[in-house]
Number of protein chains: 2
Amino acid sequence: MTLTGGSRSGGRGVAADHVSLRRNNLSVVLRHVRDLGPRSRARIAADTGLNKATVSSLVAELVGRGLLREGPADSTRALGRPGQLVELDGTGVCGVGAEVNVDYLAVTALDLTGDTVSERRVPLDAAHLDPGTTLDRLAGLIREAVAAVDARGGQVAGVTLAVPGLVQGDTGELKLAPNLGWGEVPVIREMRERLGGPSYPLHVDNEANLAARAAYSELRKVEPVQDLVLLTGAVGVGGGMVSNGHLLRGGRGYSGEVGHMPVAPEGRTCGCGRTGCWETVVGLTALLHQATDGDDPVRDPSLDVERRLAEIIARAEAGEPRTLTALKDVGTWLGIGGAILVNILNPDVLVLGGYFAVLGPWLEEPLETAIRDRVIAPDGGGCRVVRSELGFTAAVRGGAQISLDQVFVDPTVIGRAGTGVAQ
Amino acid sequence: MTLTGGSRSGGRGVAADHVSLRRNNLSVVLRHVRDLGPRSRARIAADTGLNKATVSSLVAELVGRGLLREGPADSTRALGRPGQLVELDGTGVCGVGAEVNVDYLAVTALDLTGDTVSERRVPLDAAHLDPGTTLDRLAGLIREAVAAVDARGGQVAGVTLAVPGLVQGDTGELKLAPNLGWGEVPVIREMRERLGGPSYPLHVDNEANLAARAAYSELRKVEPVQDLVLLTGAVGVGGGMVSNGHLLRGGRGYSGEVGHMPVAPEGRTCGCGRTGCWETVVGLTALLHQATDGDDPVRDPSLDVERRLAEIIARAEAGEPRTLTALKDVGTWLGIGGAILVNILNPDVLVLGGYFAVLGPWLEEPLETAIRDRVIAPDGGGCRVVRSELGFTAAVRGGAQISLDQVFVDPTVIGRAGTGVAQ
């Protein structure tokens with residue numbers, strides 16, 4: 001429940017007039033078909049309480065905007081003339097997510113049904129390049145994705161940039177990304193210039209927030225999860241949190257800086273300059289330093305991280321003691337910090353992302369033990385640990401979904417099919 | 001923004017029909033008058049976009065239900081016949097909050113305008129009584145508050161119980177309250193029996209959640225805060241969190257167990273049986289053990305906590321070294337755990353409640369230093385530390401407000417004036 005005084009977006013409540021009522025009902029019908037699958041106009045009317053004439057008019061408008069389309073005949077109908085099902089139109093509208101991370105760039109375009117239209121990931125040692133060069137490279141990948149959407153006659157609903165750092169929500173500026181070595185960068189302005197002032201909206205968000213957004217969608221395909229914490233394991237460690245179906249961002253958009261919880265007072269110096277941050281004992285660098293020598297090629301950030309992790313897995317499967325000890329220590333530290341998050345947030349699910357997901361089989365047991373031991377709520381508060389299956393595409397998928405979310409909230413942001421003009 | 005699939009309460013969205021539209025508009029008008037003060041029907045119509053005839057009908061219904069009343073003539077009106085202002089009716093409807101804590105019971109009734117109708121707090125060494133006896137005593141205080149509401153011809157909108165422990169949201173059961181020594185207690189059922197099966201709804205919530213609810217209302221009187229963390233300092237330490245105007249509860253309602261963050265691995269054994277929990281270094285017991293000897297009367301839980309704290313303040317003001325050292329240490333530990341919360345949640349405000357508020361002048365400097373040093377976001381993420389001015393009434397005020405919130409969301413839960421029957 002929104003408390004007294006309402007939400008940041010104006011929660012005193014706006015009385016429903018006929019325009020907002022229509023927009024609300026367009027959104028209800030579009031989300032209904034998305035969540036429950038293809039169905040007839042009569043069924044939508046029965047399910048939503050709207051009258052049939054209104055539903056027909058709403059569906060016609062959504063078809064005109066390229067968001068719904070006529071589907072197959074309704075085979076479940078026993079009597080009378082067969083009804084026509086309507087379904088999400090996957091051809092018209094796409095969201096794009098684009099990520100800068102410490103050792104790769106990635107871009108994904110998803111259509112309205114969530115299918116992948118375009119996906120690229122390239123290794124890049126971004127920590128040793130200047131921001132301008134890295135953004136040039138990312139802009140190139142975004143242009144390729146937009147071209148792929150154009151080539152199928154689609155419209156880009158928006159592009160969301162994922163960055164491993166502090167993003168100020170209201171201005172869209174990156175304030176600090178210690179592991180990239182970036183200070184303040186006006187990423188939206190920089191990217192808008194590189195893309196030639198595009199007509200679609202651009203947003204920027206923390207990569208862990210976006211990965212949590214993507215994990216939420218994945219989990220909800222099989223169960224009605226409402227509260228989750230996602231941990232992104234890379235050189236840095238980020239947290240993305242969904243509570244009661246809402247992404248948590250904090251007052252200025254800086255929430256989820258779990259990598260800098262001071263849990264290891266005797267620990268190593270962090271990229272942020274402090275000592276004892278959680279990521280100094282659970283980040284990928286911590287694992288590699290404990291498990292390998294300095295000249296070991298698995299430490300080389302110019303090599304693809306998946307190949308380097310495959311080598312770690314091979315050593316663990318071969319029973320290499322130094323690797324196994326390092327994995328167990330990282331799993332225990334993961335549980336010490338994880339228990340703090342579970343005590344504070346009581347998520348239904350703790351989702352392991354990034355390298356934590358890849359090495360999950362070795363990390364989970366010490367992690368789960370630490371949570372059982374250190375969380376005060378009975379049975380760890382009911383929290384389960386799961387591995388994300390989205391790999392390193394989680395943040396870009398979440399970015400594409402955030403770009404599409406606005407279409408589901410207000411379908412009128414998309415112009416009628418063929419015009420390509422947002423209304 | 002609610003993510004794909006919506007909120008726990010059914011976020012796929014319900015299409016607006018005429019009944020729900022009317023209910024929504026009643027809520028809009030009622031909250032409009034609450035938030036912006038007395039105003040004319042014409043002004044309400046202009047502000048909300050509703051037409052004047054609709055506003056007149058909505059106001060008439062809200063007056064009939066005892067929620068609004070005719071106020072003074074509109075003195076701001078220069079031309080034409082004077083308009084009549086409508087204002088919240090403080091006489092009709094009250095919410096009640098009732099708290100069991102380790103060393104006191106408290107009950108408050110607030111009317112719809114937030115004014116206090118009834119308030120009681122009595123010291124009680126609840127940790128050494130059985131739950132039944134304590135609930136008997138609390139039921140007596142609730143009956144007094146209800147009688148005070150009855151005596152002025154009012155209606156009780158609901159009673160919310162505050163407990164210092166884990167509350168399962170969906171069943172309303174207390175699962176565990178280590179500092180009370182209570183295990184599973186079906187508090188709603190027990191209290192409903194003691195109150196003779198009352199017609200008003202009963203709820204139970206964690207005391208820190210309710211204190212956060214109350215702090216949110218207090219802060220919003222002067223600034224548009226949307227994200228806060230409240231810390232309740234008593235024998236135990238609880239956390240209540242509001243994010244983007246929503247109270248965070250977690251998947252099972254167990255969120256905010258900040259007192260059991262494992263921050264002091266070398267620390268004392270906690271009431272929960274674990275070692276090193278945050279409350280073992282910042283709870284009231286930790287302060288008293290460091291600042292006093294065993295036979296010092298300030299340790300006596302049967303004495304009113306405010307009197308005991310007044311003695312601590314007197315010693316600090318007199319410069320007593322042991323007291324000052326203890327306060328500084330507690331402030332530093334408060335900052336170590338506080339920085340974790342600020343890194344994770346990025347609140348606009350960290351609110352000190354309970355004994356932390358009373359001793360705030362001695363705790364704040366080391367606390368703020370620790371936050372500045374340990375929070376990665378620039379300028380502590382913009383988080384300010386403030387002392388709650390609600391004292392030990394925060395949780396009961398929040399409980400009363402939660403009981404009233406439902407009336408503002410759906411004014412039709414209150415029957416028409418005089419009938420006393422919810423519709």
Side-chain angles (χ1 to χ4, degrees), chain A residues 1-8 11-13 15-17 21 24-25 27-28 31-32 35 48-50 166 175-176 213 216-217 220 226-227 242-248 250-252 254-258 260-262 272 336 339-340 343-348 374 376-378 381-382 405 409, chain B residues 1-8 11-13 15-17 21 24-25 27-28 31-32 35 48-50 166 175-176 213 216-217 220 226-227 242-248 250-252 254-258 260-262 272 336 339-340 343-348 374 376-378 381-382 405 409:
Chain A
M1 173 165 56
T2 298
L3 303 180
T4 305
S7 71
R8 199 183 296 279
R12 259 199 307 282
D17 60 21
L21 185 62
N24 176 63
N25 285 339
S27 168
V28 166
R31 287 182 289 152
H32 193 76
D35 296 338
T48 61
L50 291 163
L166 296 167
K175 301 301 282 186
L176 184 66
R213 170 69 187 79
Y216 181 75
S217 283
R220 284 186 68 88
Q226 285 288 96
D227 287 72
V242 174
S243 175
N244 202 24
H246 293 78
L247 199 53
L248 300 186
R252 293 195 179 173
Y254 298 150
S255 68
E257 287 301 323
V258 301
H260 303 280
M261 294 193 291
C272 75
I336 290 170
I340 292 176
N343 270 318
I344 294 172
L345 293 161
N346 181 220
D348 300 311
R374 290 161 187 266
I376 190 169
D405 283 342
V409 170
Chain B
M1 176 164 50
T2 298
L3 304 179
T4 304
S7 72
R8 199 183 297 278
R12 259 200 306 282
D17 61 22
L21 185 62
N24 176 64
N25 285 340
S27 167
V28 166
R31 287 183 288 152
H32 194 74
D35 296 337
T48 61
L50 291 163
L166 296 168
K175 301 301 282 184
L176 183 67
R213 170 70 187 79
Y216 181 76
S217 282
R220 284 186 67 87
Q226 284 287 97
D227 286 73
V242 174
S243 175
N244 202 23
H246 292 77
L247 200 53
L248 300 187
R252 292 195 181 173
Y254 296 150
S255 69
E257 287 302 322
V258 300
H260 303 281
M261 294 193 292
C272 75
I336 290 170
I340 292 176
N343 270 318
I344 295 172
L345 292 162
N346 181 220
D348 300 312
R374 291 161 186 266
I376 188 170
D405 282 341
V409 170

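Order of the sequence lines sets the chain letters (A, B, ...), proteins ahead of strands, with each chain counted from 1.
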>> For B:R220 and B:Q226: C-alpha separation, side-chain torsions, deciding distance, then whether side-chain contact (heavy atoms from CB on, under 4.5 Å) applies.
In response: CA-CA 8 Å; B:R220 284 186 67 87; B:Q226 284 287 97; 2.6 Å; yes
Chain A: which of [options] shares the most heavy-atom pairs with it under 4.5 Å?
{"options": "B:A339, B:P378, B:P347", "result": "B:P378"}
{"options": "B:K175, B:M261, B:E257", "result": "B:E257"}
{"options": "B:I340, B:I344, B:V258, B:L166", "result": "B:I344"}

> Can you say whether A:A377 sits under 4.5 Å from chain B via the side chain, the backbone, both, or neither, judging by heavy atoms?
Replying inline: both
> Between A:D227 (side chain) and A:N244 (backbone), is there a donor-acceptor pair under 3.5 Å?
Replying inline: yes
>> Would you say that A:T48 contacts A:N25 through its side chain, given a criterion of any heavy-atom pair below 4.5 Å between the two side chains?
In response: no
> Picking from A:L176, A:L248, A:I336, which has the most non-hydrogen pairs under 4.5 angstrom with chain B?
Replying inline: A:L248
> Taking all atoms of both residues into account, what is the closest heavy-atom pair of A:D405 and A:R213, and its distance?
Replying inline: OD1-NH2, 2.7 Å
> Which heavy atom in B:N346 sits nearest to a heavy atom in A:R252, and how many Å separate them?
Replying inline: OD1-N, 2.8 Å
